[in-house]
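Reviewing the structure listed below.
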Amino acid sequence: MGYINKVKKRIAEVREAINYHNYRYYVLDSPEISDAEYDELMRELKQLEDANLDLITPDSPTQRVGAAPVEAFGVVEHPQPLLSLANAFSDEELEAWYRRISNLLGGRNIDFVCELKIDGLAVALTYVNGLLEVGATRGDGYRGENITQNLRTVKSIPLSVPKEAPPRFEVRGEVYLPKTGFKKLNEERAKEGLPLFANPRNAAAGSVRQLDSRITAQRPLDIFVYGLGWAEGKTAPDKHWEIMQYLKSLGFKINPNIALCQTIDEVKKYYAKWVKEEETIPYEADGVVVKINSIPFQEELGYVGREPRWAIAYKFPAVQGTTRLLEIGINVGRTGSLNPYAILEPVQVGGVTISHAALHNEEDIHRKDIRIGDWVVIQRAGEVIPEIVEPIVSRRTGKEKIFHMPKTCPVCGAEVIKPEGEAMHRCTNAACPAQALERIKHFVSLGAMDIEGIGEKMSQVLFEAGLIKDAGDLYYLTKDQLLSLERTADKSVSNMLSSIEKSKDRPLSRVIFALGIPGIGDETAELLTGHYTSLDELSRATPEKLQEIPSIGPKIADSIVAFFRQEQNKRIIDKLRKADVRLEAEKAEAKELPLAGLEFVITGRLEAFPRPEAEAKIKALGGKAGSDVTRKTTHLVVGEDPGSKLARAQELGTKTLTESEFLELLKQSENKLK
DNA sequence: CCGCCTCGAGTTCT
DNA sequence: CTCGAGGCGG
């Protein structure tokens, strides 16, 4: 095939793809590729056409802005078409745009107006003799839908404007749904069992297209007006910035983050600021629109095809992307849980390459109907952590495979079970090497024994070299053993040994946490130290005794008892003890406790928490909690409806505290500990 | 028994 | 950050 035929074929392919995605986006409101990918297709087509001008056809997607309007509403002709914007995705592309226009303007001084590119629905509002006459969607840019009735329900759209406004004019803006409104709307829909909107833009589009405007009225829609379409009977200012101030004075809602920039560097700074602060914007924005401020300059620059030369959309890095799910891998956790994760074809999302994503558990995978080989939409949830949003069902070939948890542990081959009513599958082999290694990693980690120099990597090296089989072995490592490893210099070895030594004196709560008892995190470990002053004491505790502690229930109690009963755990604790790791609460620690030496008695009902919990807090802070006021009692806490203890306290001259004074004392004492 | 809240466990990438 | 589970109050 000749070169030109290849190009022809590719152009046809890309056009077909774009037309299909246009339809999904504009007509169905259900896009299946991200905006970034759509933009990429459009760019490719444009490049091909620019290099082969004779291949441009009038029906090419580059020759129009969107899809045809839906006929259910009246059709509105736009006297001045609503056009789209060229995109920039990097500082280089922005600079290239700047150089082009700067050349065209012969190097005259240019200033810019920057604003956020709100991801909503573009509308045109026509006012005649001071009244809103027509509100229309953009449609294909030339003809849109008449949605006046619905737009009238948007409270921030003025239905009338002051007399000094031009007799006939059109403003343009973006109707959108704030993030909070979107969330609330979806919550309500979930309650009613209705399908959820995928994002605020879709929700706004759906709302504005309601045939019944009473439904639209219930949606918290808002608008930002971003420009004047046309005006008759009055001359408008000749700076875009001033037009915006003028529109504001007429009662239109203008985005508060609009800025006047004197240089292209200031534009870049504006962009950089908002890339960083994108999360804080209360509505969705997908970039920054940069416009030449001077209207005469705008007119001079004119249009290329369907895009103005005098403005550009500088897009934020995409936060969603699509890629292929190549395989589903399994990790075995410290507790034996089998944790599936997605191995993805690496893809850039939000400026970061994503190649893995957590899949939580088998049920979750099946609920989302994710299959091996699927194309999937991924996003970085809350800034950082990648997640699979959904599979793209329409891209399936039939070769995708449904995932099943293995019947045996992928690491040790032991039987895998899924306890009734639980979501997780578990490896049944407590000696499973994967679990053993994870337990060691947990032991040395930051919140636990915090052994500097031995992290995940070093734990693995030591484990695989056979130098340690469990956490207890860490304390018997010798200098020679460590030096025999690869990539361990003298310096790092002595660092490791000294941080192992230092870890022998961690608070008891850290030790309990580090042991990795299932269900015991840092909070519960801390709670336990309030009731047991040594590991021995804790190891002898009965389930009944443990359950007397508030927030310890039967499951946690059993977990603790079972842990100390296991031979391998006993051996680990033995190794720790022989190595002189402190397994008791520090004596000095107890004395330093802020409430040490004080004895509290509570009378009446407390608002903040039940009495046992208050007593637990007192004990945790080193105080004693009694039930009767005696001469030893130092404080009486007086709650609602106090009993006879109050009289007794007054008799003895015991200090009394109101509940709020008591809470304040607890707070101060807790702060002292930190 | 159900809903609410808090805690635990596992996770990605720079 | 997310999901699941444990604990607890109504």
Side-chain angles (χ1 to χ4, degrees), chain A residues 187 190-191 276 279 317 319 321 323 325 328-344 346-368 370 376 378-390 411 418-427 434-435 437-443 445-448 455-457 509 512-528 543 546-560 562-563 605-614 616-617:
Chain A
E187 277 165 13
K191 258 186 223 152
K276 213 167 74 198
E279 292 295 313
V319 289
T323 187
L325 197 175
I328 292 179
I330 308 277
N331 279 327
V332 179
R334 158 169 75 82
T335 57
S337 61
L338 266 54
N339 311 307
Y341 61 94
I343 301 167
L344 304 165
V347 63
Q348 290 276 114
V349 177
V352 178
T353 309
I354 306 289
S355 54
H356 299 268
L359 286 172
H360 304 116
N361 57 59
E362 191 181 44
E363 277 171 32
D364 204 42
I365 295 170
H366 291 160
R367 189 164 49 233
K368 289 184 179 166
I370 294 165
V376 290
I378 59 169
Q379 71 180 9
R380 297 212 297 150
E383 281 285 273
V384 209
I385 297 171
E387 64 173 2
I388 294 187
V389 183
E390 58 183 5
V411 177
K418 182 170 179 283
E420 192 67 29
E422 280 182 29
M424 290 299 193
H425 287 72
R426 282 179 198 287
C427 163
Q435 292 184 46
L437 175 55
E438 290 305 314
R439 281 195 291 266
I440 294 169
K441 287 181 188 170
H442 172 75
F443 186 88
S445 70
L446 189 62
E456 298 217 355
K457 191 83 198 156
S509 60
I512 294 173
F513 173 58
L515 288 173
I517 306 168
I520 311 298
D522 51 358
E523 298 272 351
T524 311
E526 180 75 45
L527 176 70
L528 288 170
L546 285 163
Q547 283 184 69
E548 286 174 16
I549 303 170
S551 73
I552 302 284
K555 301 264 171 136
I556 299 290
D558 286 348
S559 173
I560 294 170
F563 181 89
R605 186 168 41 81
L606 297 182
E607 301 277 7
F609 29 65
R611 203 187 285 190
E613 205 174 321
K617 279 177 192 286

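Atom set for the values below is all heavy atoms of this structure, side chains included, hydrogens, waters and symmetry mates excluded.
- In this model, the phosphate group of B/dG8 is approached by a side-chain N or O of A/Thr524 to a distance below 4.0 Å at OP1 or OP2.
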Cut-off 3.5 Å, no hydrogens considered: what does the side-chain donor-acceptor table look like for residues 354-361 of chain A, sequence neighbours left out?
from, atom 1, to, atom 2, distance (Å)
A/His360, ND1, A/Asp364, OD2, 3.3
A/Asn361, OD1, A/Glu363, N, 3.1
A/Asn361, OD1, A/Asp364, N, 2.8

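- A sub-4.0 Å separation between OP1 or OP2 of C/dC3 and a side-chain N or O of A/Asn361 is absent.
- For A/Phe443, the ring-ring contact (aromatic ring centres under 6.0 Å, His included) criterion is met by no residue, not counting sequence neighbours.
- Within 4.0 Å of A/Asn331, counting heavy atoms only, lie sugar-phosphate atoms of the nucleic acid but no base atom.
- Here A/Ile552 pairs with A/Thr524, A/Leu527, A/Leu528, A/Leu546, A/Ile549, A/Ile556, A/Ala557 under the side-chain contact (heavy atoms from CB on, under 4.5 Å) rule; sequence neighbours left out.
- Each of A/Ala342 and A/Arg334 was matched to the nucleotide of DNA chain B holding its nearest heavy atom; the match closer to the 5' end belongs to A/Arg334.
- When all heavy atoms of A/Leu338 and A/Cys427 are compared, the pair lying nearest together is CD1-N, 3.7 Å.
- An OP1 or OP2 oxygen of B/dC13 is reached within less than 4.0 angstrom by a side-chain nitrogen or oxygen of A/Ser355.
- Residues forming a side-chain contact (heavy atoms from CB on, under 4.5 Å) with A/Thr335 (at least two apart in sequence, or on another chain): A/Ser337, A/Arg426.
- Atom CD of A/Glu456 is separated from atom C1' of B/dT12 by 12 Å (rounded to the nearest Å).
- Computed from coordinates, the A/Asp558 CG to C/dA5 C1' distance equals 15 Å when rounded to whole Å.
- Between A/Pro340 and A/Glu362, every side-chain heavy-atom pair lies at or beyond the 4.5 Å cut-off.
- Residue A/Asp364 contributes atom CG, which lies 11 Å from atom C1' of C/dG4 at whole-angstrom precision.
- If you check C/dG6, B/dT11, B/dC13 against the side chain of A/Ile354, the one that comes closest is B/dC13.
- Picking from B/dG8, C/dG6, B/dT12 the nucleotide with the shortest atom distance to the side chain of A/Asp522 gives B/dG8.
- As rounded to whole Å, 15 Å separates atom C1' of C/dC1 from atom CG of A/Leu359.
- With rounding to whole Å, A/Glu387 atom CD is found 8 Å from C/dC1 atom C1'.
- Nearest nucleotide to the side chain of A/Asn339, out of C/dG4, B/dT11, C/dG7: B/dT11.
- Counting to the nearest Å, the P atom of B/dG10 and the CZ atom of A/Arg439 are 11 Å from each other.
- Look at CD1 on A/Ile556: it is 12 Å from P on B/dC7, rounded to the nearest Å.
- Atom pair A/Leu528:CG and C/dG7:P shows a separation of 12 Å (rounding to whole Å applied).
- Within the 4.5 Å cutoff, no side-chain heavy atoms of A/Ser509 are placed close to those of A/Asp522.
- Distances shown here put a side-chain N or O of A/Ser337 below 4.0 Å from the OP1 or OP2 atom of B/dG10.
- Listed nucleotides: C/dG6, B/dG10, B/dT12. Nearest to the side chain of A/His356: B/dT12.
- Taking 4.0 angstrom as the limit, A/Arg367 places a side-chain polar atom (N or O) nearer than this to OP1 or OP2 of C/dG4.
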Under-3.5 Å N/O pairs linking protein and nucleotides 4-6 of chain B:
none

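- A/Glu438 is linked by a side-chain contact (heavy atoms from CB on, under 4.5 Å) to A/Arg334, A/Lys441, counting only residues two or more places apart in sequence or in another chain.
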